[in-house]
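What follows is a set of notes on a single structure, which appears directly below.
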Protein chains: 2
Amino acid sequence: MMWNTGFVTKRPYHHGALDSALLEAAMDVVANDGMGALSLRDLARTLGVSPSATYRHFPSRDHLVAAVSQRARERLATAMIVARDAVPATGTKANRSVRRFAATGRAYVTFAVQTPSLFEAAFVPCPVTPPTPEDPNAWSVLVGAVDEMVEAGAVPVARRDEAPLIAWAGVHGLSTILTASVQPPESGLEAGHHAAIDTVIDGIIRAIR
Amino acid sequence: MMWNTGFVTKRPYHHGALDSALLEAAMDVVANDGMGALSLRDLARTLGVSPSATYRHFPSRDHLVAAVSQRARERLATAMIVARDAVPATGTKANRSVRRFAATGRAYVTFAVQTPSLFEAAFVPCPVTPPTPEDPNAWSVLVGAVDEMVEAGAVPVARRDEAPLIAWAGVHGLSTILTASVQPPESGLEAGHHAAIDTVIDGIIRAIR
DNA sequence: TCGGGAATGTGAACGCTGCTCACATTAGCC
DNA sequence: GGCTAATGTGAGCAGCGTTCACATTCCCGA
């Protein structure tokens, strides 16, 4: 019996797509207010559902966190790929491979600066449901960009193995620094993030060349 | 009325040094189980004191977190200074300045790997009681090490401003990577952390030279 | 078409947390 | 010695994650 007793249309007993609705709402909350603001009860309230209903779809809060983290990692990798493929195919092959690499690195840091909460979510420890190497991740995109440079002769073969680590450390460190409230006191960052990004990416390229 | 009614010696009504005892206990909890395990009630319980007593010394949990974070930042900076000053005074001035710089960077990452929870605590956002540039911090130690290199002619003056940012991004990024559970899949890290640290620090030196 | 099991949602409860407030106790100072 | 400020207590509030018995509905097979 779910027919209206008055003018108000009652919600059906079953939500229908609570599963994805929970994840969507969770993504919104995290993107806006950070991972710490994620609350199952609050989500249930927003979706007009009882708190215990959420447990039919996520066995615990940590599982929801893991799902949000995976989506965040996907978005980061996608942003890097999009930026890399937007680089015009001009100049020498070596030059182009370097520009494509720089674009992926820039996209990494830009993602962190523009959506810091999602960046945080992407690297939050998920003891349950740990990330698998199969699904899209920033590391593989970075390795691919480095391989391109090696193939194009822009990076010596001897550095093929260590270059991705250096690159990742650089962009990830800069991202964390720019994202965190703990800013370097009296550094040159007031001039904006773009200068910092260029500085670090140029440094990375010098380091692996 | 606090005289014994039996053989057991009762604790005095006032703890005496609850202030520092709370901070000490908090440091222990954080170092062992991470920042998320910090609970005022739990602390009060272990110190044999009522939960509300803690609020006489820290107006909120966030203030305790900020205090722990500051101590962690102090320890990190101290570890870097100790490592730098342990470098033997051999070789040319330029060479020595580079070795001292490398030692500070190595100490940074080593601190993160050996005491990951304290490293995490050091960079946790503290909206209340934000870190001041006056008290010891890793950034200033790093800037000092770079300045030494510039003065010794090991780093061009033109890079004086950008070198600390590149260095910090590198060591901080590597620290975060090695600390986080999200490890680079199939990277060369299995050979141990030392190789990764050397790789990144050598890269940093190439980048700023 | 109907009936029954599986899937999904509900409401009340438990124990934990941070935090507040009125009150008790004590330390230190005039 | 007595008064004030500092410090500790206990009860209580609201919110959280989680569980459990129960209600409702979907869907598939007879």
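Residue numbers begin at 1 in each chain, while the letters A, B, ... track the order of the sequences. The structure displayed is predicted, hence computed values, not measured ones.
Closest contact between the side chain of B/Ser52 and the listed nucleotides D/dG17, C/dC21, C/dG11 involves C/dC21. The A/Ser60 side chain lies nearest to D/dT18 when the options are D/dC16, C/dG18, D/dT18. The side chain of A/Arg45 has D/dC16 as its nearest neighbour among C/dG11, C/dG18, D/dC16. Each of C/dT20, C/dG11, D/dT9 was ranked by its minimum atom distance to the side chain of B/Tyr55; first place goes to C/dT20. Here the nucleotide nearest the side chain of B/Arg56, chosen from C/dG11, D/dT18, C/dA22, is C/dA22. Nearest to the side-chain atoms of A/His57 among the listed nucleotides C/dG11, C/dT17, C/dT8 stands C/dT8.
When the side-chain nitrogen and oxygen atoms of A/Arg41 are compared with OP1 and OP2 of D/dG15, none of them lie within a distance under 4.0 Å.
Distance B/Leu47 CG to D/dG8 C1': 13 Å, rounded to the nearest Å. Computed from coordinates, the A/Asp19 CG to D/dC26 P distance equals 17 Å when rounded to whole Å. Here the P atom of nucleotide D/dC16 and the CG atom of A/Leu43 are 11 Å apart, to the nearest Å. As rounded to whole Å, 13 Å separates atom C1' of C/dC19 from atom NE2 of B/His63. The nearest whole Å value for the distance from the CG atom in B/Asp42 to the P atom in C/dT17 is 6 Å. Taking atom CE of B/Met35 as the reference point, atom C1' of C/dG18 lies 15 Å away to the nearest angstrom. Here D/dC16 presents its P atom at 16 Å from CZ of B/Arg61, a figure rounded to the nearest Å. Computed from coordinates, the A/Leu40 CG to D/dT19 C1' distance equals 13 Å when rounded to whole Å.
For B/Arg41, the side-chain hydrogen bond (donor to acceptor under 3.5 Å, both in side chains) criterion is met by no residue, not counting sequence neighbours.
DNA chain C is contacted by both B/Pro59 and A/Leu18; A/Leu18 maps to the nucleotide lying nearer its 5′ end (nearest heavy atom per residue).
Taking the six-membered ring where the residue is Trp, B/Phe123 and B/His172 present perpendicular rings, their angle passing 60° and hence far from 30°.
At a cut-off of 3.5 angstrom, the base of D/dG17 holds no donor-acceptor pair with the side chain of A/Ser39.
One finds no salt bridge joining A/Arg56 and A/Asp19 here, because no Lys/Arg side-chain nitrogen approaches an Asp/Glu carboxylate oxygen to under 4.0 Å.
Nearest heavy atoms, B/Ala121 versus B/Ser69: O-OG, 2.8 Å.
Within the 4.0 angstrom heavy-atom criterion, no nucleotide atom of any strand lies near A/Leu64.
With A/Glu151 as the fixed residue, the salt bridge (Lys or Arg N to Asp or Glu O under 4.0 Å) test singles out one of A/Arg96, A/Arg100, A/Arg160: A/Arg160.
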